[in-house]
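Because only heavy atoms are used, hydrogens play no part in the values below, and waters and symmetry mates are left out as well, while side chains stay in. Here the structure is a predicted model, which means the values were calculated and not measured.
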Amino acid sequence: MKKRVKNTASEMKLANSLWGPLSESGAASLTQLIESLSLKVSLGDLLCLDGHWYVTHAGLIRLARRSRCHGIRVQPAREFCDPSVQRWAFRATVYKSRTCRGFVGYGDADPSNVSYLVHGAEMRVAETRAVNRALRKAYGIGICSIEEIGASAGQPASRPESKKLPQPANGNGNGNGNYGGRTVRDRLCQLIRQHQLDATLVKSYATDFCGVKTLREATREQVENFVAHLADWAEKDRNALLCQLNSYPSQKEGAA
């Protein structure tokens, strides 16, 4: 009991430091989410936007794993899909046990309801939304997932250009190993901690961004550009960044 109370207090303290003093209702909701579902702010399971709590895909997957989810089946809802205009819809079914008849959730995505930063990845966003909705039904989670909400209001129409970090005077532009150098690596670690990102997903995104099989093959300039891009994106639209990170399929299979 003492450990549980201490854990809740620690999570509440972190939430207050990240989003400012919580309202009485907000604090009560967070306490209930922590104690009944074992969701954690420190692991990025929960986010607070405009005073409302949202669960993340990573948090739902961890919950499914802890609950020994038997499996998740995802299928395209073909009657609602139109690849020519990047409109996709999926049906996900969560099976909590061998005898479970399944909890169904649908998710859709098209350029009009996703951030411009993930245009081209609508199919993966739709799949993630379907899985999230099915998991929320299966485990009785009433709050929406962050990936299910549409594009944030007030986003610019065009995609911003990534900013490049200045090259160190004594740096080797073609150097590799250690993710492009200690200073860049430290900056990347700082961004992961600051914005509560999943390090494994960031690494997958980095290799994709740099066009290499392993991050150690990337040049220093490639890694610097990625870190600058990640910092810019996390600052301007963290929700869209989370959608992008959670779209990597290799990280979704652990709950099956």
K.L.:
Identify whether Y106 and V55 are in the same connected component of the hydrophobic contact network (ILVMFWY, side-chain heavy atoms under 4.5 Å).
P.N.:
no

K.L.:
For the pair K96 (side chain) and A138 (backbone), establish whether a donor and an acceptor sit closer than 3.5 Å, ignoring hydrogens and angles.
P.N.:
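Checked: pair present.
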
K.L.:
Could you check whether any side-chain N or O of S10 sits under 3.5 Å from a backbone N or O of K6, counting only pairs where one atom can act as donor and the other as acceptor?
P.N.:
no

K.L.:
Q86 and H119: side chain to side chain contact (heavy atoms under 4.5 Å, CB included), yes or no, with the steps?
P.N.:
CA-CA 9 Å; Q86 289 298 310; H119 281 180; over 6 Å; no

K.L.:
So do the side chains of L135 and L63 get within less than 4.5 Å of each other, counting heavy atoms only?
P.N.:
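No. Closest side-chain heavy atoms not under 4.5 Å.
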
K.L.:
I need the single residue from M123, R78, Q75 that forms a side chain to side chain contact (heavy atoms under 4.5 Å, CB included) with F90. Which is it?
P.N.:
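So the option named by the test is M123.
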
K.L.:
Over all heavy atoms of both residues, which pair between L22 and L30 is shortest? Give the atoms and the distance, please.
P.N.:
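For L22 versus L30, the nearest heavy atoms are CD1-CD2, 3.9 Å.
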
K.L.:
With no hydrogens and no angle check, just 3.5 Å: does a side-chain donor-acceptor pair link N132 and E148?
P.N.:
no

K.L.:
What's the spacing between R101 CZ and Y95 OH if we round to 0.5 Å?
P.N.:
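Reported to 0.5 Å precision, the distance equals 11.0 Å.
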
K.L.:
Nearest 0.5 Å, please: how far is CG in L188 from CZ in F226?
P.N.:
6.0 Å

K.L.:
Does G120 offer a backbone N or O that forms a donor-acceptor pair with the side chain of E122 under 3.5 Å?
P.N.:
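Present.
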
K.L.:
May I ask you to decide if the ring planes of F209 and Y205 are parallel, tilted or perpendicular, using 30° and 60° as cut-offs?
P.N.:
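Taking Y205 first and then F209, their aromatic rings stand perpendicular (interplane angle over 60°).
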
K.L.:
I'd like to know if the side chain of K40 and the backbone of E11 have a donor-acceptor N/O pair within less than 3.5 Å.
P.N.:
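No: the side chain of K40 does not pair with the backbone of E11.
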
K.L.:
Quick check against the 3.5 Å criterion: does W88 have a side-chain atom that pairs as donor or acceptor with the backbone of E127?
P.N.:
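No, W88 side chain to E127 backbone: no donor-acceptor pair under 3.5 Å.
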
K.L.:
As an exercise, state the distance from NE2 of H57 to CZ of R129, rounded to the nearest 0.5 Å.
P.N.:
13.0 Å

K.L.:
Near R73 CZ, under 6.0 Å, is it more than 12 heavy atoms from other residues, nucleotides or ligands?
P.N.:
no

K.L.:
Is there a path of hydrophobic side-chain contacts, each under 4.5 Å between heavy atoms, that joins F80 and V114?
P.N.:
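The answer is no; the residues belong to distinct hydrophobic clusters.
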
K.L.:
CG of N7 to OG of S42: how many Å apart, nearest 0.5 Å?
P.N.:
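So the CG of N7 and the OG of S42 are separated by 7.0 Å.
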
